[in-house]
Amino acid sequence: MVTIKKKAVHNPLAEYIERLQKGDALVPDSPENVLEVVGILKSYGVVLDAYSKNLNYIAEHQFLIFFPFFKYFNGEVYFQKLLRHWWHDRINFEYAEYCMKGMMWHGGGGLDTYLDTNEFKERAQAVITAKFKNNPLILGINQLFPDFLTEQLRVSAYYTGLGQFWRVMADMFLNLSDRYDRGEIKSIPQVVEHIKAGLVANASNPITYAVKIRGEVYEIIPKSVGLTFLADTAIPYVEAVFFRGTPFHGTVSYNAQGYQIPPDQTRFQYGALYADPLPIGGAGIPPTLLMQDMRHYLPEYLHEIYRRSLRGEDDLRVQICMSFQKSMFCVTTATILGLMPYPLDTKDPNEEKGNRVYLEKWMSRLETSRLLDVNK
C-alpha cells in the first residue's frame with residue numbers, strides 16, 4: 001500500500017508548513033541570515049539583561065510604593081545618573097513595562113489564573129498588613145477599597161514573572177553569540193536548535209516571588225503553586241507580545257465608532273511578528289524604545305552591514321527592527337517545534353496528521369504577519 005501525504009494546499013503558507021515538517025526554520029538558511037540573526041540577538045540579549053534586572057528590582061524593592069520615582073535606578077541613585085536619566089542617556093525601561101502590561105492585559109497561563117485565587121489574595125493581604133501596619137490611613141483605604149492594593153501586587157507579580165522569563169532568554173541569546181564567535185553556530189537550523197534546547201532545558205524552572213518587609217520574608221508566589229518558566233511565562237509572552245500586542249497610538253484610531261481596533265482582543269494582530277517596521281522612530285510607537293536600546297550594543301560586524309545599506313544609518317532603527325523580526329521568527333520556529341504534539345520524524349499516519357493540523361493552525365495565525373516580507 002502506498003501512503004500519500006496530504007499537503008496543506010489551501011494554506012497560503014503551505015511552503016512553510018513543509019519546511020517545518022522537514023525540521024527547517026521559517027527563515028531560510030544563509031550565511032547572511034545567520035550573521036544578521038545572531039548579531040541582533042547579541043544586542044537584544046544585552047538589553048534583556050538590563051530589562052530583567054530592573055523588572056526584578058522593581059518587584060522586590062518597589063512594591064506597594066505609590067510614587068516610585070526612582071524605580072529605574074536599581075537602588076543606585078546619584079546626581080550624575082539622574083542627569084543621564086533626564087537626558088535619556090540610558091536604557092529605556094519603559095519598553096519592558098510596556099511588554100509587562102501587555103502580558104497582564106492579555107492574560108493566559110498559570111500566573112494569570114493564580115492571581116485570581118483566594119490563596120493569592122490571602123498572601124497579598126498579609127503583605128499589605130505587614131507593609132502598612134503603622135499606617136492607619138492606608139489600612140483604612142484598604143478596608144474601603146479591598147482590591148486596590150491587591151491589584152498593585154498583581155502588577156508586581158507580572159514584573160517578576162517577565163523579569164524571570166527574560167533572565168533566561170538573555171543568557172540564552174548571549175550564549176548563542178558566544179558560540180557563534182567560537183565557530184559552533186553556522187546555520188539557521190543550529191540557531192533554532194540552540195533556542196529550542198534552551199527553552200526545553202528551562203521549561204520546568206519554577207516561577208516564584210517573595211518580598212522582604214522589616215527582615216521577614218513573605219511568599220507571594222510560593223514554589224508550591226507550581227508555576228513554571230515555559231507554560232506560565234514563555235507561552236503567555238509569545239501570545240501577548242509576538243502575536244497580539246496592542247495597537248500603536250497614531251497608527252490606528254481608538255475611536256470606537258471608527259472600528260479600526262477589533263472588539264475582541266483575541267483577534268489582535270499588533271505583535272512583534274506583524275508590526276510594520278517603517279513607523280519605527282515615530283511618536284507613540286513603543287518598539288522604537290527597544291530599537292534605540294539595541295543600537296547601542298550592535299556587534300561591529302552587524303553595524304557595518306547597516307552602514308553599507310542604501311540609506312546608511314539614516315534609517316538604522318528600521319533596519320534593526322527588520323533584523324529583529326527575522327530573529328523573532330527563528331524564536332517562533334523553536335517554539336513551534338518545541339511544542340509539536342508528536343515527534344517530527346514519526347511514521348505513524350495519525351501522528352503525522354496531528355502534527356500537520358498543529359502546523360496549519362500556526363500558519364493560519366501567521367498569514368498576515370511579516371513572514372513573507374522577511375523572506376524576500
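- For Tyr254, the OH atom counts as densely surrounded, since its 6.0 Å shell holds more than 12 non-hydrogen atoms of other residues, nucleotides or ligands.
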Would you please test Trp166 and Tyr44 for ring pair (Phe, Tyr, Trp, His ring centres under 6.0 Å) and show each step?
CA-CA 11 Å; Trp166 270 344; Tyr44 189 45; 7.3 Å; no
CA sep, side-chain torsions, deciding dist, call: Arg365, Glu239, salt bridge (Lys or Arg N to Asp or Glu O under 4.0 Å)
CA-CA 11 Å; Arg365 296 196 68 184; Glu239 180 68 33; 2.9 Å; yes
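- Side-chain polar atoms of Tyr209 and Glu60 form no donor-acceptor pair below 3.5 angstrom.
- No side-chain heavy atom of Ser30 sits less than 4.5 Å from a side-chain heavy atom of Pro28.
- If you take CD1 on Ile58 and CG on Asn74, they are separated by 7.5 Å, rounding to the nearest 0.5 Å.
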Checking Thr266 against Asp264 for the side chain to side chain donor-acceptor pair (under 3.5 Å) test, could you report, in this order, the C-alpha distance in whole Å, the side-chain angles of both residues, the deciding distance, and whether it holds?
CA-CA 5 Å; Thr266 62; Asp264 180 5; 2.7 Å; yes
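- Counting non-hydrogen atoms of other residues, nucleotides and ligands closer than 6.0 Å to CE of Met340 gives a total above 12.
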One pair to check against side chain to side chain contact (heavy atoms under 4.5 Å, CB included): Gln292 and Tyr95. What are the steps and the verdict?
CA-CA 11 Å; Gln292 178 68 17; Tyr95 181 76; over 6 Å; no
Let me see the working for Ser156 and Gln152 under side chain to side chain donor-acceptor pair (under 3.5 Å), right down to the final yes or no.
CA-CA 6 Å; Ser156 295; Gln152 302 303 310; over 6 Å; no
Applying side chain to side chain contact (heavy atoms under 4.5 Å, CB included), run through Thr246 and Tyr270 and close with a yes or a no.
CA-CA 6 Å; Thr246 55; Tyr270 302 102; 5.7 Å; no
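- Contact between Phe329 and Ser369 at its shortest, heavy atoms only, is CZ-OG, 3.7 Å.
- Residue Leu230 holds its CG atom at 10.5 Å from CD1 of Ile207, rounded to the nearest 0.5 Å.
- Annotation: side chain of Thr333 is not in contact with side chain of Val27 (no heavy-atom distance under 4.5 Å).
- Checking side-chain atoms of Asp232 against main-chain N and O of Gly110 turns up a donor-acceptor pair under 3.5 Å.
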Step-by-step side chain to side chain donor-acceptor pair (under 3.5 Å) determination, Tyr306 to Ser323
CA-CA 10 Å; Tyr306 293 153; Ser323 298; 2.5 Å; yes
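- Tyr158 has its ring centre no less than 6.0 Å from the ring centre of Trp105.
- Formation of a donor-acceptor pair under 3.5 Å by the Arg295 side chain with backbone atoms of Arg317 is not found in this model.
- When only modelled atom types and interatomic distance are considered, Glu76 and Tyr57 share no side-chain donor-acceptor pair under 3.5 Å.
- Remark: side-chain polar atoms of Asn205 are not paired, donor with acceptor, to backbone N or O of Phe229 under 3.5 angstrom.
- Minimum heavy-atom separation, Pro189 to Asp29: CD-CG, 3.8 Å.
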Val77 and Leu82: CA distance, side-chain angles, deciding distance, side chain to side chain contact (heavy atoms under 4.5 Å, CB included) verdict
CA-CA 7 Å; Val77 182; Leu82 187 61; 5.7 Å; no
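- Classification of the Phe70-Phe73 ring pair by plane angle, with boundaries at 30° and 60°, yields perpendicular.
- Between Met363 and Ile336, some side-chain heavy-atom pair lies under the 4.5 Å cut-off.
- Other residues, nucleotides and ligands contribute only 12 or fewer heavy atoms inside 6.0 Å of the NZ atom of Lys53.
- The local environment of CZ in Arg214 is crowded, with over 12 non-hydrogen atoms from other residues, nucleotides or ligands closer than 6.0 Å.
- Contact annotation: the side chain of Met104 never approaches that of Lys101 to less than 4.5 Å [non-hydrogen atoms, C-beta and beyond].
- Among all heavy-atom pairs drawn from Gln21 and Leu359, the shortest one is CG-CD1, 3.6 Å.
- A donor-acceptor contact under 3.5 angstrom links the side chains of Tyr51 and Asp293, judged on distance only.
- Here salt bridge (charged side-chain N to carboxylate O under 4.0 Å, His left out) pairs that include residues 130-152, with residues two or more places apart or in two chains, are Glu151-Arg154.
- In the hydrophobic clustering of this structure, Ile91 groups with Trp86; members are Ile, Leu, Val, Met, Phe, Trp, Tyr whose side-chain heavy atoms approach within less than 4.5 Å, directly or through other members.
- Asp49 has a carboxylate O that lies under 4.0 Å from a charged side-chain N of Arg167, or vice versa, which qualifies the two as a salt bridge.
- Counting only heavy atoms from C-beta outward, the side chains of Val238 and Thr332 never approach each other to under 4.5 Å.
- Ile17 and Val357 are not part of a single hydrophobic cluster, where members link through side-chain heavy atoms under 4.5 Å apart.
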Residue pair Glu18, Lys22: steps toward the salt bridge (Lys or Arg N to Asp or Glu O under 4.0 Å) verdict:
CA-CA 6 Å; Glu18 293 175 6; Lys22 296 175 184 177; 5.3 Å; no
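- At least one donor-acceptor pair closer than 3.5 Å links the side chain of Asn375 to the backbone N or O of Leu26.
- In this structure a side-chain-to-backbone donor-acceptor pair under 3.5 Å is present from Ser52 to Gly163.
- Salt bridge status for Arg123 with Glu119: present, with a side-chain N to carboxylate O gap under 4.0 Å.
- A distance-only check finds a donor-acceptor pair linking the side chain of Gln260 to the backbone of Ser253 [under 3.5 Å].
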Let me see the working for Ile195 and Met172 under side chain to side chain contact (heavy atoms under 4.5 Å, CB included), right down to the final yes or no.
CA-CA 7 Å; Ile195 297 171; Met172 189 188 304; 3.9 Å; yes
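- Using a cutoff of 4.0 Å between basic side-chain nitrogens and carboxylate oxygens, Glu15 and Arg19 are scored as salt-bridged.
- With a 4.5 Å cut-off on side-chain heavy atoms, His296 and Val46 do not count as touching.
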Check the pair Asp315, Gln319 against side chain to side chain donor-acceptor pair (under 3.5 Å), reporting the backbone distance first and the verdict last.
CA-CA 6 Å; Asp315 63 343; Gln319 295 185 71; 2.9 Å; yes
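- Rounding to the nearest 0.5 Å gives a distance of 10.0 Å between CG of Asn92 and OG1 of Thr288.
- Atom CZ of Phe79 sits in a sparse spot, with 12 or fewer heavy atoms from other residues, nucleotides or ligands closer than 6.0 Å.
- Here CG of Leu83 is found 7.5 Å from CD of Gln80. Values are rounded to the nearest 0.5 Å.
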Residue pair Glu300, Arg307: steps toward the salt bridge (Lys or Arg N to Asp or Glu O under 4.0 Å) verdict:
CA-CA 10 Å; Glu300 184 56 31; Arg307 291 192 190 101; 2.7 Å; yes
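- Separation of atoms CG (Asp373) and CG (Asp276) is listed at 8.5 Å; rounding is to 0.5 Å.
- Summarising the geometry, atom CZ belonging to Phe63 is positioned 12.0 Å from atom CG belonging to Leu149; distances are rounded to the nearest 0.5 Å.
- The two residues Tyr218 and Ala126 make their nearest non-hydrogen contact at CE2-O, 4.2 Å.
- Met169 is not listed as a side-chain neighbour of Tyr237, based on a closest heavy-atom distance of 4.5 Å or more.
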